[in-house]
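As a basis for the values below, the full set of heavy atoms in this structure was taken, side chains included, without hydrogen atoms, waters or symmetry mates. Order of appearance sets the numbers: ligands from 1, and atoms from 1 within every ligand.
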Amino acid sequence: MSDPPIKPHSSRKLTIAIDGPAGAGKSTIASRLARKLDYVNLESGAMYRALALKAIEKDISFDDEAALVKLAQGSRIQLEPVVGGNRTLLDGHDVSARIRERDVTEGASRISVHPKVREWMVARQREMGASGGVIMEGRDIGTKVFPDAELKIFLDADPVVREQRRMAQQKIRREVAADVAAELRQRDQRDRTRAASPLVAAPDAVVIDSTALTEDEVLAQVEELARQKLSQN
Ligand code: DC
């Protein structure tokens, strides 16, 4: 699929935050918009996933905040934008596929409740996006990581639709579909109710409900918002 580039009116580059729950379509929209704008897209969830993977490998409990922070401090987590998303490197190894598995998905959700783990992540994410021209997606990008982002999108969708999209995307087998759907709901609940940076739309975010929209329609809306911001510079 080829998305023709947007011709900006100025050379200034925006910081764009895309937040929302799992399965709302954030990653796809972020990567397609990044190609159009010639920006870098960074998937912050992959960083939580990479740390969870390392915790599994080192047999560190998802509940041990101090040990997880120490683990993070001794780790190198890199996101490399590639067509359609990010390649994730953990200590130099490509873990892009492994971090999508169910044990890591569950671990990422559990380690992300710890305020000190989040502090470490937010600091790295701010460094990565410091030069602008970045579309970062996650749960707390507009509220915490880049509260001054020029454009904030909160992408939501009906939970049933999000579950269906996730199933199709990850080619989930029928036998485990109900379990995977239940896990997604549980992670949603954890994201929305945790004390530290819960999933919530920033007051100045544009909320887009993608339940009844195609990917192209969502992209068109986000692209129009980006165009408006660029023409204001
Ligand atoms: O977007 P994702 O499903 O890859 O994220 C994995 C987990 O990481 C998710 O359960 C919540 C957490 N996360 C977070 O707390 N803050 C972010 N900015 C991104 C992800």
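- What sits closest to atom 20 (C) of ligand 1 on the protein, heavy atoms only, is Gly45 CA, 3.5 Å.
- Closest protein heavy atom to atom 19 (C) of ligand 1: Ser44 OG, 3.4 Å.
- Note on Glu163 versus Arg187: no salt bridge recorded, every NZ/NE/NH1/NH2 to OD/OE distance being 4.0 Å or above.
- Of the protein's heavy atoms, Ala108 CB, 3.8 Å lies nearest to atom 7 (C) of ligand 1.
- In summary, the side chains of Asp216 and Thr214 do not present any donor paired with an acceptor at a separation below 3.5 Å, with no hydrogens or angles considered.
- Of all the atoms in ligand 1, the ones that sit under 4.0 Å from a non-hydrogen atom of Gly138 are 18 (N), 19 (C).
- A heavy-atom separation below 4.0 Å is found between Arg118 and ligand 1.
- Proximity of Leu51 to Met121: side-chain heavy atoms (C-beta onward) are separated by under 4.5 Å at one or more points.
- Atoms of ligand 1 lying under 4.0 Å from at least one heavy atom of Ser112, given by number and element, are 11 (C), 12 (C), 15 (O).
- Of all protein heavy atoms, the one closest to atom 1 (O) of ligand 1 is Arg139 NH1, 2.8 Å.
- Side-chain contact annotation: Ser210 with Arg165, donor-acceptor N/O pair under 3.5 Å present.
- For the 3.5 Å distance criterion, the side chains of Thr211 and Asp209 qualify, holding a donor opposite an acceptor.
- When non-hydrogen atoms are compared, ligand 1 lies under 4.0 Å from the backbone of Ser109 as well as from its side chain.
- A cation-pi geometry, defined here as NZ or CZ lying under 6.0 Å from the six-membered ring centre and within 45° of its normal, holds between Arg124 and Trp120.
- In summary, the side chains of Ser27 and Glu137 do present a donor paired with an acceptor at a separation below 3.5 Å, with no hydrogens or angles considered.
- The shortest N or O to N or O distance between Arg194 and ligand 1 is below 3.5 Å.
- Of the N and O atoms on the side chains of Arg190 and Ser109, at least one donor lies less than 3.5 Å from an acceptor on the other residue.
- Counting protein heavy atoms only, atom 4 (O) of ligand 1 is closest to Arg49 NE, 2.6 Å.
- Contact analysis leaves Met121 out of contact with ligand 1, as no non-hydrogen atom separation drops below 4.0 angstrom.
- Atom 11 (C) of ligand 1 has Asp191 OD1, 3.3 Å as its closest protein atom, hydrogens excluded (heavy atom only).
- For the pair Asp140 and ligand 1, the shortest N or O to N or O distance falls below 3.5 Å.
- Under the 3.5 Å distance criterion, with hydrogens and angles disregarded, a donor-acceptor pair is assigned to the side chains of Gln78 and Arg76.
- Looking at atom 8 (O) of ligand 1, its nearest protein heavy atom turns out to be Tyr48 CB, 3.6 Å.
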